[in-house]
Amino acid sequence: MLNFSNKLINWYLQNKRELPWRQINDPYRIWLSEIILQQTRVEQGTPYYFKFTEAFSDIKALADAHEDEVLKLWQGLGYYSRARNLHATAKKVAYELDGKFPDTYSEIKKLKGVGDYTASAIASICFDEATAVVDGNVYRVLSRIFGIDTPIDSTPGKKEFKALAQNLIDADDAANFNQAIMEFGATQCKPKNPYCLHCPFNEDCVAFQHGKIDKLPVKKGKIKVKNRFFNYLLFITTEGETVLNQREDKGIWRGLFDFPLLETEADLTKENFRDSVKDLKITGETKPVVFAELPVIDIILQQQDPIIHKLSHQKLHVKFWVIKLKNKSGLKTVSFDDFENYAVPRVIDRFMEGFDYKCFVSVG
DNA sequence: AATGCGGGGAC
DNA sequence: GTCCCAGCATT
């Protein structure tokens with residue numbers, strides 16, 4: 001197509017949103033914004049960009065933070081390995097690369113948490129290197145305009161779209177081209193109800209001319225969602241303490257804190273709770289403590305129906321069981337007053353917002 | 001080549 | 001309910 005790049009950049013200059021990371025090319029801030037925006041909408045990520053830039057004014061400040069502090073700031077944004085990789089890369093740049101952010105695509109791509117997309121974005125925006133970005137927006141825009149039905153979640157598809165984007169990019173204005181094609185996909189060539197009638201490319205757009213806008217891009221993979229049943233044990237001691245563990249093993253929420261967890265094959269009822277939980281080991285000061293040996297005063301199920309918490313691949317059925325204890329009896333406890341300092345999954349954070357432990361602390 | 005990894009918003 | 005978001009790492 002004649003002048004694809006010119007038309008696209010022209011559209012961008014007239015229609016772009018003003019975003020906090022536009023009009024700057026500080027690699028620290030561009031990198032930070034790109035990590036935050038991986039699989040994340042601008043509206044969702046923007047508050048986190050402000051939180052991080054206010055907490056850490058440069059990459060050394062981020063490097064010097066504790067990982068738990070980084071995770072706490074990241075709380076609620078999801079895909080928490082991004083936060084751990086962000087911190088690891090900050091330390092790498094600050095202390096192994098002498099504080100100098102890598103300035104070429106190939107060097108940037110070696111950083112933890114940085115793949116083809118992010119390396120291309122930073123290299124073009126910060127260092128004018130003409131490497132084309134390919135994100136979800138680019139797949140959609142190019143598949144529609146050029147009528148490409150190669151599945152975007154296949155190896156041939158990834159290669160084909162990357163090559164096409166690289167062929168189209170304006171080498172003299174790579175930063176604007178890359179941001180333009182993404183902005184165009186985000187606000188004009190949207191997944192649903194794109195603005196085709198006043199699109200600058202509608203005369204050339206293969207998908208529009210053939211009525212196939214809703215057929216492109218093509219994706220072959222279908223995700224199947226697994227149901228899981230979580231029973232959180234919300235211990236409450238007479239001293240106003242509870243038990244909180246940091247999740248370390250593989251799986252969701254690595255690095256975050258949560259309550260002792262009894263996972264079951266199906267929804268757990270009050271009648272079956274005691275028997276199911278009796279052998280569960282709870283983190284102790286020195287060694288794990290078996291639930292059956294705890295001085296339980298009372299068990300209160302907070303709500304009859306489980307809270308439904310949806311992840312991309314999992315549907316969690318979450319119940320919170322409040323368990324009053326006469327004393328801490330060897331358990332590794334933390335004070336409820338310190339709870340806000342721990343990074344916890346969204347479902348726990350949301351539950352605790354409407355929960356007052358003081359209502360359950362025994363008096364007298 | 002497949003799979004796992006969060007959470008939220010649009011429809 | 002479904003789909004997708006300025007993707008990446010691991011197997």
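Residue numbers start from 1 in every chain, and the chains themselves are labelled A, B, ... in the order their sequence lines are given, proteins ahead of strands.
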When you compare [N] with [M], how far apart are their [atom1] atoms, in angstrom units rounded to a whole number?
N: B/dG6; M: C/dC4; atom1: C1'; value: 13 Å
N: C/dA6; M: B/dG4; atom1: P; value: 24 Å
N: B/dG8; M: C/dA9; atom1: P; value: 24 Å

Contact letters for nucleotides 4-11 of chain C, in which S counts primed atoms plus P, OP1 and OP2 and B counts the base, heavy atoms under 4.0 Å | BBBBSS-S
Any link between A/Tyr105 and A/Val138 through a network of hydrophobic side chains (Ile, Leu, Val, Met, Phe, Trp, Tyr) touching at under 4.5 Å?
->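 The answer is no; the residues belong to distinct hydrophobic clusters.
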Which salt bridge (charged side-chain N to carboxylate O under 4.0 Å, His left out) pairs, counting each pair once, include a residue from residues 176-190 of chain A, with sequence neighbours left out?
->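 For residues 176-190 of chain A, and leaving out neighbouring residues, the salt bridge (charged side-chain N to carboxylate O under 4.0 Å, His left out) pairs sorted by first residue read A/Arg17-A/Glu183, A/Arg22-A/Glu183.
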Salt bridge (charged side-chain N to carboxylate O under 4.0 Å, His left out) partners of residues 52-77 of chain A, not counting sequence neighbours, each pair once =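 Every pair satisfying salt bridge (charged side-chain N to carboxylate O under 4.0 Å, His left out) with a residue in residues 52-77 of chain A: A/Lys60-A/Asp64.
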Find the distance [X]:[atom1] to [N]:[atom2] and express it as a whole number of Å.
X: A/Asp153; N: C/dC3; atom1: CG; atom2: P; value: 13 Å
X: A/Lys226; N: B/dA2; atom1: NZ; atom2: P; value: 20 Å
X: A/Leu71; N: B/dG6; atom1: CG; atom2: P; value: 11 Å
X: A/Ile348; N: B/dG7; atom1: CD1; atom2: C1'; value: 15 Å
X: A/Lys310; N: B/dG8; atom1: NZ; atom2: P; value: 13 Å
X: A/Arg346; N: B/dG7; atom1: CZ; atom2: P; value: 8 Å

May I ask you to say what A/Gly251 touches in the nucleic acid, namely base, sugar-phosphate or nothing, with a heavy-atom cut-off under 4.0 Å?
->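 Since only primed, P, OP1 and OP2 atoms lie under 4.0 Å of A/Gly251, the category is sugar-phosphate.
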So what does A/Arg84 hit on the nucleic acid, given a heavy-atom distance under 4.0 Å: a base, only sugar-phosphate, or nothing?
->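 No contact.
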Would you say [X] places a side-chain N or O within less than 4.0 Å of OP1 or OP2 belonging to [N]?
X: A/Lys315; N: C/dG1; result: yes
X: A/Lys222; N: C/dC3; result: no
X: A/Trp253; N: B/dG7; result: yes
X: A/His313; N: B/dT3; result: no
X: A/Gln314; N: B/dG4; result: no

When Ile, Leu, Val, Met, Phe, Trp and Tyr are grouped by side-chain heavy atoms lying under 4.5 Å apart, directly or through other members, which residues fall in the same group as A/Ile213?
->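 So far as hydrophobic clustering goes, A/Ile213 is joined with A/Leu197, A/Phe208.
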A/Pro345 or A/Ser154: which one's nearest nucleotide on DNA chain B is closer to the 5' end?
->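 It is A/Ser154, whose closest nucleotide lies nearer the 5' terminus.
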Nearest-nucleotide comparison on DNA chain B, the residue closer to the 5′ end among A/Arg254 and A/Lys190 =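 Looking at the nearest nucleotide for each, A/Arg254 comes out on the 5' side.
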With sequence neighbours left out, which residue pairs that include part of residues 235-258 of chain A fulfil the ring pair (Phe, Tyr, Trp, His ring centres under 6.0 Å) condition?
->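 Listed by first then second residue: A/Phe257-A/Tyr342.
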Identify every side-chain donor-acceptor pair in residues 281-293 of chain A under 3.5 Å, counting partners at least two apart or on other chains, and give the distances.
unit_1   : atom_1 : unit_2   : atom_2 : d
A/Thr283 : OG1    : A/Asn245 : OD1    : 2.6

May I ask you to check whether A/Gln38 and A/Tyr117 show a side-chain donor-acceptor distance below 3.5 Å?
->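 Absent: no donor and acceptor within the cut-off.
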Is it the case that A/Thr269 and A/Asn272 place a side-chain donor and acceptor less than 3.5 Å from each other?
->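 A/Asn272 and A/Thr269 do have a side-chain donor-acceptor pair below 3.5 Å.
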